[in-house]
Amino acid sequence: MAEEGQVIGCHTEEAWSEQLQKGNDCNKLIVVDFTASWCGPCRFIAPFLAELAKKLPNVTFLKVDVDELKSVATDWAVEAMPTFMFLKEGKIVDKVVGAKKEELQQKIAKHVSTASA
Amino acid sequence: MAISGFEGFEKRLELNFSGDDPVIGIGLRQLDFESLEEVLHAVQCTVVSAVGNQYFDSYVLSESSLFVYPTKIIIKTCGTTQLLKSIRPLILLACDHLGLSLCGCRYTRGSFIFPKAQPYPHTSFREEVIFLEENLPSHVCYRKASVMPSSSSHHLWHVFSASDESHMAVQHSPDDMLFTIEVCMTELDRVLARKFFRRLDDGKNGDTAGKEMTEITGINNINSNATICDFAFDPCGYSMNGIDGDRYSTIHVTPEDGFSYASFECVGYVYDDHDDIVEVLKKVVKVFRPATMSVSTTCISSEVLNRVTKMIQPQGMKCRSCTMDDFPAARSVAFQTFTSRRK
């Protein structure tokens, strides 16, 4: 399976739960990108996110299309795109709403350092 | 007044299109980012942050804002950007790539603080109108340019509006029920303006510094339902876009003394409770306490326009002038100016 160094698309609820479980088991920081095909700002940030994923193999990057996994997006109260949720040990520890490169990068750095501390 | 400085007054362009497939319905939002980037490059600005929802996409730019709806694009830029250079590429993209057709265009701006610093085609309103006329397709043939006066020769409202024959239709589109409010404020309260400066080496990035400014200035209370995308520039200056359902709002601040400026823009529906907009403007005035302020309201119904303009009476400010004019696509524009009582 292609995994490390990539943004992993979760196209079914099964794949989504499986990825979450996996992340929890190995105690990694998970960053979930809630995105939509019709959202311009999501296309703006996508290449940047792919770069981050390449640079940070110790972080799991997941991508959820809000139309594909409607129930997940509703459960997580995603209203604006892109929304980035930060998960650790199954809990939401932070969130970035919008394509904000600097904030995204800074929050990842913050949570990675607390994970390894 | 300073001899030269950053031009806060924005130029604003709105293009309306028809022919979007109502089934897919994402129209202009399909445009790939590279295409948008090229347009912005011609204007001389870049995207600093962005957010979208099911109705539209909003971009905070290095010089103001861009909003993309399925059939409408609004681009607002300040400084010495060449906004009108976006017209031709935007129309090309929409028409050739997406099969849409331009049905309306509106260009508005206030009076520049540093008019001599503006590059072509923004050297004068006359030049701008010639440029617009030359770059619009011929079927958008109902055109009018007007400079709306106020009690001061330094505060004029420049409007160019063009439309095809679709505005003759009896059936109005939902967009026709919208009104737009553009507020320009100058000579901001110095103490309040300081809040839009960053501390030297604050160790923050533009996103987090912007978020902080949104909170400490009370901008987050203007519409607490809105999702805000904000950005603080270094060493000073601030921009934000608010998205709330299908409505946007936007604020841009140039806080430097001598040429301080802030703008606020939002949309409302004619069937809204007009008290809401009055409340919103009250909060905006409180954030900046400007010495002078202009409010331009654009609406299809002159009756609503009359009602709204009568209600706009920002606290501590005195109305100095109110003028109205009618434009193609049956739109009316009201231009009001106010000065603070402390003046």
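Lettering follows sequence order; numbering is per chain, from 1.
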Donor-acceptor check, side chain of B:Lys76 to backbone of B:Glu265, threshold 3.5 angstrom: yes or no? no

For residues B:Gly79 and B:Lys11, report the shortest heavy-atom separation together with the two atoms involved. O-NZ, 3.3 Å

Sort B:Leu36 into side chain, backbone, both or neither according to what part of it lies under 4.5 angstrom from a heavy atom of chain A. neither

Between B:Ser263 and B:Glu10, what is the shortest heavy-atom contact and its length? OG-OE2, 2.6 Å

Chi angles and distances behind the side chain to side chain donor-acceptor pair (under 3.5 Å) call for B:Thr77, B:Glu63: CA-CA 5 Å; B:Thr77 64; B:Glu63 264 96 1; over 6 Å; no

With a 4.5 angstrom heavy-atom cut-off, is it the side chain or the backbone of B:Val68 that approaches chain A, or both, or neither? neither

Measure B:Phe231 against the heavy atoms of chain A and call it side chain, backbone, both or neither at under 4.5 Å. side chain

For chain A, find which of B:Ala50, B:Gly206, B:Cys229 contributes the most heavy-atom pairs closer than 4.5 angstrom. B:Ala50

Contact summary for B:Gly52 and A:Pro41, nearest pair of heavy atoms: N-CG, 3.8 Å

Using a plain distance cut of 3.5 Å, could you tabulate donor-acceptor pairs between chain B and chain A?
from, atom 1, to, atom 2, distance (Å)
B:Arg29, O, A:Arg43, NH2, 2.2
B:Leu31, O, A:Arg43, NH2, 3.2
B:Ala50, N, A:Ala99, O, 3.2
B:Ala50, O, A:Ala99, N, 2.5
B:Gly52, N, A:Met81, O, 2.7
B:Gly52, O, A:Met81, N, 2.7
B:Asp57, OD1, A:Gly40, N, 3.4
B:Asp57, OD2, A:Gly40, N, 2.9
B:Asn205, ND2, A:Glu102, O, 3.4
B:Asn205, ND2, A:Gln106, OE1, 3.2
B:Gly206, N, A:Glu102, OE1, 2.9
B:Asp207, OD2, A:Glu102, N, 3.3
B:Asp207, OD2, A:Glu103, N, 2.9
B:Lys211, NZ, A:Glu103, OE2, 3.1

Would you confirm whether B:Asp272, through its side chain, and B:Tyr269, through its main-chain N or O, come within 3.5 Å as a donor-acceptor pair? yes

What one should report as the nearest heavy-atom pair of A:Gly98 and B:Val51 is CA-CG2, 3.7 Å

Minimal non-hydrogen separation, B:Ser86 against B:Ile75, with atom names: OG-CG2, 4.3 Å

